[in-house]
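As the structure is a computational prediction, the values presented were derived from the model and not from experiment.
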Amino acid sequence: AFSNVLSTQIQANWTEGAPGSPATAYELQASTDANFTGVVTSSLTYNLFVSSSGLAAGTTHYFQVRAINKNGVATGFVSLASTSTLAQAPANPTFNTPPPTSSTIRLDWFGGSNGAATRYTALISTAADPSAPAGAVVSSSVTFNTFVSTAGLNANTTYYFSVKATNNNGVITSTVSASTSTLASDPVAGAFGAILATQITANWTDGSPATPALSYELQASTDSGFVG
């Protein structure tokens, strides 16, 4: 059986083959490959357990053990089956690459030392708590990447994200949360209004009538390149 399973540590346990005649030593091997090829760590002990550390998070590890008698003769390896380290919780959420547009947002996060098989679930909503949206629409995305891209969003609207990781045993981590707003839609140019000797009235309409911008900035220039 396994105990003390953490994100980078697993303790493998076993019992004596014949109680009363303990082996001189045991050799435990651990690998991320079921056939114990590639990287294999080996530990010698006189105990009936070994705590393996420095393991990859959110990754399945396989264990086998054999006994060695006082003459140094070893038995065959016996499989202790497999289990997965815990995934590390997502951290450091950012919205920088690429930045949000009026209808899209990409959220990136840091997955720590999680293995490639770590699954992330992202919830996206206009509700401050996507897990309890109180009637607001919630979209869900499951990915093995450390980012999620959303499209078809409303302009000038705040969206809330929550992300959690799940290891190969289905154990879920805590959640990281972040929020940002989509850009306002570009205004639509309209006809000029009153034109006087020293005055011009410029008009436009909302690019997205359902979610108008909070404010507008108008620039005027005698140069078509808006320099000078």
Test log, rule side chain to side chain contact (heavy atoms under 4.5 Å, CB included), inputs Ile105 and Thr182: CA-CA 7 Å; Ile105 296 175; Thr182 49; 3.8 Å; yes

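- Counting only heavy atoms from C-beta outward, the side chains of Ser139 and Val137 never approach each other to under 4.5 Å.
- Expressed to the nearest 0.5 Å, how far OG1 of Thr166 lies from CZ of Arg119 amounts to 4.5 Å.
- Residues Gln9 and Asn4 form a side-chain contact, since some pair of their non-hydrogen atoms from C-beta on lies under 4.5 Å apart.
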Audit row: Asn13, Ser3, side chain to side chain contact (heavy atoms under 4.5 Å, CB included) steps and yes/no: CA-CA 8 Å; Asn13 307 284; Ser3 59; 3.1 Å; yes

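- Grouping the Ile, Leu, Val, Met, Phe, Trp and Tyr side chains by contacts below 4.5 angstrom, directly or via other members, places Leu80 apart from Phe77.
- Using modelled atom types, no side-chain atom of Gln11 and backbone atom of Phe2 make a donor-acceptor pair closer than 3.5 Å.
- Under a 3.5 Å cut-off, the side chain of Asn167 and the backbone N or O of Asn169 do form a donor-acceptor pair.
- The structure places OG of Ser162 at 7.0 Å from CG of Asp129, a figure rounded to the nearest 0.5 Å.
- Each of Leu86 and Val176 belongs to its own hydrophobic cluster when Ile, Leu, Val, Met, Phe, Trp and Tyr are linked at side-chain heavy-atom distances under 4.5 angstrom.
- Considering every non-hydrogen atom in both Ala127 and Ala136, the closest pair reads CB-CB, 3.8 Å.
- Taking all atoms of both residues into account, the shortest heavy-atom contact from Tyr160 to Ser179 is CD2-CB, 3.4 Å.
- Other residues, nucleotides and ligands place no more than 12 heavy atoms under 6.0 Å from the CG atom of Asp186.
- The aromatic rings of Phe36 and Tyr62 sit perpendicular to each other, their planes meeting at more than 60°, with 30° as the lower class boundary.
- Shown here for Val65 and Leu28, the closest heavy-atom pair between the two residues is CB-CD1, 4.1 Å.
- Of the residues Thr85, Thr60, Thr83, the one that meets the side chain to side chain donor-acceptor pair (under 3.5 Å) test with Asn168 is Thr60.
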Side chain to side chain contact (heavy atoms under 4.5 Å, CB included) evaluation trace for Thr180 with Tyr159: CA-CA 6 Å; Thr180 194; Tyr159 285 88; 5.9 Å; no

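- Side-chain contact annotation: Ser42 with Glu27, donor-acceptor N/O pair under 3.5 Å present.
- Rounding to the nearest 0.5 angstrom, the gap separating the OG1 atom in Thr173 from the OH atom in Tyr120 is 8.5 Å.
- Hydrophobic cluster membership differs between Leu123 and Val163, with clusters built from Ile, Leu, Val, Met, Phe, Trp and Tyr side chains linked at under 4.5 angstrom.
- Counting only distance, with no hydrogens or angles, the side chain of Asn35 and the backbone of Thr37 share no donor-acceptor pair below 3.5 Å.
- No side-chain N or O of Ser208 forms a donor-acceptor pair with one of Asp206 less than 3.5 Å apart.
- To the nearest 0.5 angstrom, Asp33 atom CG is 11.5 Å from Ser82 atom OG.
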Evaluation steps, side chain to side chain contact (heavy atoms under 4.5 Å, CB included), between Arg66 and Tyr26: CA-CA 6 Å; Arg66 65 180 177 180; Tyr26 295 93; over 6 Å; no

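- Side-chain atoms of Asn154 do not come within 3.5 Å of backbone N or O of Thr157 as any donor-acceptor pair.
- A donor-acceptor pair under 3.5 Å links the side-chain atoms of Thr24 to the main chain of Lys70, judged by distance alone.
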Working for side chain to side chain donor-acceptor pair (under 3.5 Å), residues Asn145 and Thr143: CA-CA 5 Å; Asn145 299 313; Thr143 179; 3.3 Å; yes

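- Gln88 and Ser113 make their closest contact through OE1-N, 2.9 Å (heavy atoms, listed as atom of the first residue, atom of the second, distance).
- In this structure, Leu55 is a member of the same hydrophobic cluster as Val50, with clusters built from ILVMFWY side-chain heavy atoms closer than 4.5 Å.
- In the hydrophobic cluster analysis, where Ile, Leu, Val, Met, Phe, Trp and Tyr join through side-chain heavy atoms closer than 4.5 angstrom, Phe161 is grouped together with Trp109.
- With rounding to the nearest 0.5 Å, the separation of CG in Leu6 from OG in Ser53 is 10.0 Å.
- Note that Arg106 lies in the cation-pi zone of Phe147, set by a 6.0 Å cut-off to the ring centre and a 45° limit from the axis.
- When all heavy atoms of Pro130 and Val138 are compared, the pair lying nearest together is O-CG2, 3.5 Å.
- A heavy-atom distance below 4.5 Å is not found between the side chains of Thr121 and Ser141.
- Note that the OG1 atom of Thr101 and the CG atom of Leu183 stand 6.5 Å from one another [nearest 0.5 Å].
- Smallest separation of non-hydrogen atoms from Asn156 and Ala184: CB-CA, 3.9 Å.
- In this structure a side-chain-to-backbone donor-acceptor pair under 3.5 Å is missing from Asn114 to Ala87.
- Other residues, nucleotides and ligands contribute more than 12 heavy atoms inside 6.0 Å of the CG atom of Leu196.
- At most 12 non-hydrogen atoms from other residues, nucleotides or ligands lie less than 6.0 angstrom from CZ of Phe192.
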